[in-house]
Amino acid sequence: GSEWVTDDAICFKVCIEEAVMMQHPDSSSQIRVGKTDVVYEHKPPSVEVPPSTLQADLLSLLTEGRHSDVTIEATCNGEAAPVTFSAHTGILSQRSDVFA
């Protein structure tokens, strides 16, 4: 059992941290994120790397429900009809101790 689950229901809060860009990227290819003493510099790759499909692949796992092993029902204070979607316990438990 889990301290987060009661009667097969779970309630969790999502916190989003916003990164503030102090300066828009320009021709210098440097971006300052949050703190002005941290600089990320873009360097061209030494080999040609194809565009990543990881985001699309993970999104398709959610939207298509492929290989899912749990169903989550989400409600907003009972104000709207519940939304149900399929998920993957491996991904949930890796991203949050709530699902471990």
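Only heavy atoms go into these numbers, but all of them, side chains included; no hydrogens, no water, no symmetry mates.
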Checklist entry - Quick one: side-chain hydrogen bond (donor to acceptor under 3.5 Å, both in side chains) partners of Ser68, sequence neighbours excluded? => result none
Next on the checklist: List the residues meeting side-chain hydrogen bond (donor to acceptor under 3.5 Å, both in side chains) with Glu64, not counting sequence neighbours, and say none if there are none.
Outcome noted: Arg66
Item to check | Nearest atoms (heavy-atom pairs only) where Thr75 meets Pro82 | outcome: CG2-CB, 3.5 Å
Item to check | Pairing residues for Thr53 by the side-chain hydrogen bond (donor to acceptor under 3.5 Å, both in side chains) criterion, not counting sequence neighbours | outcome: Asp57
Item to check | side-chain contact (heavy atoms from CB on, under 4.5 Å) assessment of Ile91 paired with Leu61 | outcome: CA-CA 10 Å; Ile91 294 173; Leu61 286 176; 4.2 Å; yes
Checklist entry - Hey, any chance Phe99 and Leu58 share a hydrophobic cluster, counting ILVMFWY side chains that come within less than 4.5 Å of each other, even indirectly? => result no
Item to check | Heavy-atom donor-acceptor pair, Ser96 side chain to Ser93 backbone, under 3.5 Å | outcome: no
